[in-house]
Amino acid sequence: MTPPKPKAASKPKQKQKQKQKQAQSTHKVPPVIASDADFACHIAALIDVEPHFAALYKITGKVDLRWLDPGFSGLVRVIAGQQISAAAGLAIFKRCEAALSKLAPSAVLAAETDTLRATGLSWPKIRTLRTLAETVEAGALDLDGLLRIEAEAAIAELCAVKGIGRWTAEVYLLFAAGHPDIFPAGDLALQNAVRQGFALAERPTEKALAAMAQDWQPFRSAAARLLWAYYAAMKHGGQNAAPA
């Protein structure tokens, strides 16, 4: 019996992959986003893949890049801000910096529980930080090495640490590691930005947005940063400038 032939990729998918490769080749896209110049290259390539982003970029203008400290410290910052406001998360992180001589795995493991609780960290977050510190100290998680692997593999490595979920992993990889191809589809601001910016009838679900963002590979980090900036612009009175 003759084995079935593998299905050929659909023409739309083939065309999309060709556009992605052409955008990378044309713009000599940097492997990470580490500067404004890197971001400009990624945005130009993203617009080649999905021209509609040009309309959003006209509304946002220059996007101010937000960064977290790289490495362990940046991941502590994201964990501290889980499920609370940005201001509250930053306050807790600052108290952690003040309480520990250095935000390193060894310092977290050496700290007394009362010291960590006094910063405002909840019990679950303390457990997460200690598990993370043990994992990094044991060499089971290479934070620097996460940039050298594919997005889903990097997310999986972080999510293997108990207490770190997908959103935490994605935000860390975006803002602390400069990973070039991350898109937190579960983020409500991104969902609302896409609904308005792409004139959708309703806010897309996490699953629907993740599927939509597949076509923006390997420039999804640039797409996320641009959409966050667009969402902020709309909140501050840019509704009349929204593209059709």
Side-chain angles (χ1 to χ4, degrees), residues 16-78 81 86 90 93 142-155 157-158 167-185 187 189-190 193-194 197-198 209-210 212-236 238 241-243:
Q16 187 65 29
K17 288 182 178 179
Q18 289 172 352
K19 287 173 71 177
Q20 290 165 347
K21 288 181 180 178
Q22 183 179 10
Q24 279 185 307
S25 174
T26 302
H27 297 282
K28 297 180 180 178
V29 182
V32 298
I33 298 176
S35 67
D36 288 339
D38 295 342
F39 181 68
C41 288
H42 278 256
I43 282 291
L46 173 67
I47 290 172
D48 278 354
V49 169
E50 175 47 79
H52 187 73
F53 277 107
L56 308 189
Y57 198 36
K58 285 182 180 179
I59 292 171
T60 65
K62 182 180 180 296
V63 176
D64 292 327
L65 300 184
R66 292 177 290 156
W67 299 104
L68 295 175
D69 290 334
F72 185 79
S73 175
L75 191 45
V76 172
R77 169 77 182 275
V78 181
L90 178 58
F93 176 74
D142 177 12
L143 294 177
D144 293 332
L146 293 177
L147 270 179
R148 297 189 291 272
I149 60 179
E150 298 260 338
E152 286 303 316
I155 291 168
E157 285 207 20
L158 285 167
W167 181 87
T168 299
E170 289 171 331
V171 169
Y172 169 75
L173 290 167
L174 252 169
F175 294 108
H179 200 292
D181 194 33
I182 296 291
F183 194 88
D187 189 273
L190 289 180
V194 169
F198 283 77
L209 183 53
M212 185 177 180
Q214 289 291 318
D215 288 341
W216 306 334
Q217 294 182 77
F219 316 111
R220 288 179 294 177
S221 292
R225 285 183 176 273
L226 178 56
L227 285 164
W228 270 314
Y230 171 75
Y231 180 70
M234 293 300 98
K235 283 184 69 176
H236 290 87

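Separation of atoms CG (Asp215) and CZ (Arg220) is listed at 10.5 Å; rounding is to 0.5 Å. We find the CD1-CG distance between Ile182 and Leu146 to be 9.5 Å, quoted to the nearest 0.5 Å. Between Asp142 atom CG and Arg148 atom CZ the span is 5.5 Å, to the nearest 0.5 Å. With rounding to the nearest 0.5 Å, the separation of CG in Asp187 from CG in Leu209 is 9.5 Å. Note that OH of Tyr57 is 8.0 Å distant from NZ of Lys62, once rounded to the nearest 0.5 Å. Atom CG of Leu226 and atom CD1 of Ile43 lie 4.5 Å apart (nearest 0.5 Å).
Shortest non-hydrogen contact noted between Gln217 and Gln214 is NE2-OE1, 2.6 Å. For the pair Pro31 and Pro180, the tightest heavy-atom approach, listed with the atom from each and the gap, is O-CG, 3.0 Å. Of all non-hydrogen atoms in Ala154 and Leu173, the two that sit nearest each other are CB-CD1, 3.8 Å. What you find for Cys41 and Val29 is that their closest heavy atoms are O-CG2, 4.3 Å. The nearest pair of heavy atoms linking Asp181 to Ser221 is N-OG, 3.2 Å. Pairing each heavy atom of Ala222 with each of Ile33, the nearest pair is N-CD1, 4.1 Å.
By the ring-ring contact (aromatic ring centres under 6.0 Å, His included) test, Trp216 pairs with Phe53, Phe183, Phe198, sequence neighbours left out. Residues meeting the ring-ring contact (aromatic ring centres under 6.0 Å, His included) test with Phe175, sequence neighbours left out: Trp228.
Two residues are said to be in side-chain contact when any heavy atoms from C-beta on lie closer than 4.5 Å; Leu143 and Leu158 meet this criterion. Residues Ile149 and Glu157 are in side-chain contact: their nearest non-hydrogen atoms beyond the backbone lie under 4.5 Å apart. The shortest side-chain heavy-atom distance between Pro30 and His42 falls under the 4.5 Å cut-off.
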Side-chain donor/acceptor pairs under 3.5 Å, residues 64-77, sequence neighbours excluded:
none

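With hydrogens and angles ignored, the 3.5 Å screen pairs a side-chain donor or acceptor of Glu50 with a backbone N or O of His52.
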